[in-house]
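Numbered from 1 within each chain, the chains take letters A, B, ... in sequence-line order.
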Number of protein chains: 2
Amino acid sequence: MGVTIKDIARALGVTPGTISKALNDKPDIGADMKVKIRAAAIELGYVPNPIARRLVTNRSNTIGVFILDRHELSLRENYGFQFLDGIIKESDLHHYDILLFSITKDLAYQKSYISLCLERRVEGAVFIGLRSDDPYLEDIIRSPLPASVIDAEARGQNVSMVASDNRAGAAAAVDYLWGLGHRRIGIIKGSEREFASRERYEGFRHYLTERNSFNEAYVYPGDFTRESGAAAVETIMKSQDRPTALFAANDLMALGALKVFKGKGYRIPQDISLIGFDNIANSEDCDPALTTIGQNAAEIGKEAIRLLLARIRQENKGKASFIRTELVIRDSCAPLK
Amino acid sequence: MGVTIKDIARALGVTPGTISKALNDKPDIGADMKVKIRAAAIELGYVPNPIARRLVTNRSNTIGVFILDRHELSLRENYGFQFLDGIIKESDLHHYDILLFSITKDLAYQKSYISLCLERRVEGAVFIGLRSDDPYLEDIIRSPLPASVIDAEARGQNVSMVASDNRAGAAAAVDYLWGLGHRRIGIIKGSEREFASRERYEGFRHYLTERNSFNEAYVYPGDFTRESGAAAVETIMKSQDRPTALFAANDLMALGALKVFKGKGYRIPQDISLIGFDNIANSEDCDPALTTIGQNAAEIGKEAIRLLLARIRQENKGKASFIRTELVIRDSCAPLK
DNA sequence: TCTCCTTACGAAATCGTTTGCGGTTTATCT
DNA sequence: AGATAAACCGCAAACGATTTCGTAAGGAGA
């Protein structure tokens with residue numbers, strides 16, 4: 001079971017080396033011999049053994065994908081699967097295999113991700129869901145292994161980072177509000193520890209500052225959870241001189257805020273406009289449907305692979321790449337009356 | 001770069017074979033020699049090369065996971081990622097690696113999934129998103145390669161199927177409605193071609209038939225899309241003697257239905273109770289929040305791996321396993337007045 | 001003391017490919 | 001025509017582990 005290169009060699013009366021070269025289209029095999037060998041290969045049902053090839057070439061043609069879930073990140077509400085989709089497709093294009101790792105805190109890995117990579121002999125790694133306080137982050141940055149980090153900050157010789165253009169996205173969100181006539185625009189921030197959160201805030205702040213409309217009083221703390229979105233609304237309600245529009249740094253907080261607003265009899269968007277960020281599934285069916293900034297997750301995954309492969313081929317250093325976002329307009333924002 | 005078994009052998013003045021046996025804890029190596037070798041191994045920073053091992057043992061210790069997306073199935077609304085999560089964790093437990101394949105129709109694979117498996121030398125495969133009309137379904141069933149199919153019907157010597165207990169889940173949904181006093185209960189069916197759809201219908205029908213309350217007039221066709229859910233409502237509205245409660249065979253249709261109901265000024269659950277199936281993310285934030293049947297997707301993934309590994313070890317034949325569902329009560333159902 | 005068995009390790013083949021080198025044959029140039 | 005250069009293919013050594021078989025040393029039993 002399993003016809004090898006030797007079987008073909010025997011059948012044709014040539015040596016295994018010749019078969020290998022012919023099948024790999026090396027220059028030092030005659031054209032007619034090549035066709036003969038290829039014919040025999042499919043005739044015999046030959047399927048190459050990647051294991052053997054990898055052993056001798058010392059290249060695994062495999063990249064490791066880490067899905068980190070150390071912090072109970074809800075799998076339902078993030079982009080994991082879409083990242084993965086882009087990753088797979090792009091890898092496939094370049095004939096790389098994907099080896100999947102999932103690290104959860106209950107698995108309590110002792111080993112650094114990098115040593116897992118070394119064991120499996122992957123040529124590079126991409127990280128999804130990495131947090132800035134991950135104990136192995138430094139490992140990744142300093143390691144000689146090429147890596148791509150998705151949606152987190154990580155800079156180094158061998159590590160590239162890919163994320164949405166959070167600044168531009170946030171600016172687009174505010175700009176949409178601005179275009180509707182809003183001038184008193186608030187923000188529910190995410191945690192300072194999250195890269196995406198900082199960037200979104202920066203995009204927001206910069207846009208309004210340039211227009212002399214940034215008001216410190218309108219920035220409300222949050223941490224990307226529903227609860228913090230809800231809590232922000234409570235403080236907003238208490239204040240006088242409320243903002244007329246609100247940018248939540250992610251959809252989850254927007255959803256939390258929305259619920260409280262509705263519970264208090266506030267109408268969205270008549271009484272206040274609300275815009276989110278992420279375009280998670282949930283934002284589609286809430287009432288009113290949430291206007292938000294959509295990320296192109298599949299594209300992020302693809303770009304992560306592109307940068308990684310380039311690094312593997314020594315064509316670049318670690319880079320940062322930011323992917324366009326998209327304004328998706330639904331029903332939670334209205335023109336200022 | 002890369003210390004091998006030979007390096008340890010040289011350092012200790014023994015042969016590579018001895019090192020291998022000691023590291024694998026074979027019986028024919030002396031105890032003291034073993035500790036010496038193990039010490040040297042970590043001393044030198046030895047990390048075994050799985051490629052070489054696989055070549056000689058002829059076992060890849062890898063299972064292939066196929067994510068099929070030939071039919072534009074929305075990645076956002078299904079359980080893909082949670083399946084995957086269970087799959088990875090269970091595989092990890094048994095020290096199997098996961099090789100990921102993604103088949104989309106635009107990639108237009110010519111090769112059968114099985115030949116991809118043969119090429120990569122995986123020991124088994126699990127399929128997510130397989131449809132009954134997949135051109136390679138027969139291939140999978142007849143192939144000697146052990147396989148697990150998630151959420152689809154596939155029976156054979158070497159293939160196991162794992163899905164939610166759709167019948168029991170549907171029955172639980174109706175039972176909940178029944179317990180609220182409803183007797184005129186309708187269903188928006190899914191497509192006859194989908195296994196889950198048939199099972200859910202069967203569970204529904206059986207429950208009501210046993211109580212002499214099944215009414216053919218209350219079954220409305222659908223195909224698991226929002227649109228079909230919306231369309232069903234249109235016909236419901238036209239009829240007299242409407243059902244007082246409605247079971248949508250999946251959440252997407254329930255969401256479609258919900259929207260139309262609300263658009264027509266119908267109040268849920270005051271005017272009609274609505275229950276879905278799947279507990280997708282979207283069902284959480286719609287208004288009213290959708291009562292539904294939740295699937296334990298991670299558990300399905302794990303079970304798929306368990307059955308697969310057992311089959312690989314020749315411990316079972318192809319089996320079918322159905323995982324418990326869970327009623328998640330939210331706000332879209334009310335007692336019959 | 002001699003034989004037999006056990007224990008512990010070495011020797012060597014093997015897994016399926018790849019690849020540099022060397023040697024023939026055939027075509028090309030002066 | 002002679003020499004040089006391609007073109008083409010065989011040879012054999014790798015790659016890093018595993019595993020079977022063989023054998024030397026040592027202990028037990030008679």
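Nearest-nucleotide mapping onto DNA chain C: of B:Gly17 and B:Asn58, the residue sitting toward the 5' end is B:Gly17. Nearest-nucleotide assignment on DNA chain C puts the 5′-proximal partner with B:Asp28, out of B:Asp28 and A:Pro48.
Counting any heavy atom pair closer than 4.0 Å across all strands shown, A:Thr4 reaches sugar-phosphate atoms only and no base atom. As judged by a 4.0 angstrom heavy-atom cut-off over every strand, B:Gly30 is placed among residues touching the sugar-phosphate backbone only. If you check every strand for non-hydrogen atoms under 4.0 Å, A:Lys26 touches sugar and phosphate atoms only.
In this structure, B:Asp7 and B:Thr4 approach most closely via the heavy-atom pair OD2-N, 2.8 Å. The shortest non-hydrogen separation linking A:Asn61 to A:His95 is OD1-O, 2.7 Å.
If you take NZ of A:Lys36 and P of D:dC8, they are 13 Å apart, rounded to a whole angstrom. We find that CZ of A:Arg53 is positioned 15 Å from C1' of C:dC15, with the value rounded to whole Å. Rounded to a whole Å, the CG atom of B:Leu23 is 13 Å from the P atom of D:dT19. Atom pair B:Arg54:CZ and C:dT17:C1' shows a separation of 17 Å (rounding to whole Å applied). Atom CD1 of B:Ile19 and atom P of C:dA8 are 16 Å apart (whole Å). Between the C1' atom of D:dA13 and the NZ atom of B:Lys6 lies a distance of 11 Å, rounded to the nearest Å. Straight-line distance from the CG atom of B:Asn24 to the P atom of D:dG16: 17 Å, rounded to whole Å. Here the C1' atom of nucleotide D:dC15 and the CG atom of A:Leu55 are 4 Å apart, to the nearest Å.
In this structure, the nucleotide among D:dA17, C:dC9, D:dC9 sitting nearest to the side chain of B:Ile29 is C:dC9. Of the candidate nucleotides C:dT18, C:dC9, C:dG16, C:dG16 has the atom lying nearest to any side-chain atom of A:Asn49. Distances from the side chain of B:Thr18 to the nucleotides C:dT14, C:dC9, D:dG10 place C:dC9 closest. Side-chain proximity of B:Lys21 to the nucleotides C:dT17, D:dA17, C:dC9 is greatest for C:dC9.
Judged by distance alone, with hydrogens and angles left aside, the side-chain atoms of B:Thr62 form no donor-acceptor pair with the main-chain N or O of B:Leu99 at under 3.5 Å. A donor-acceptor distance shorter than 3.5 angstrom exists from the side chain of A:Asn158 to the backbone of A:Ser143, with no hydrogens or angles considered.
The ring of A:Tyr113 has its center closer than 6.0 angstrom to the ring center of A:Phe127.
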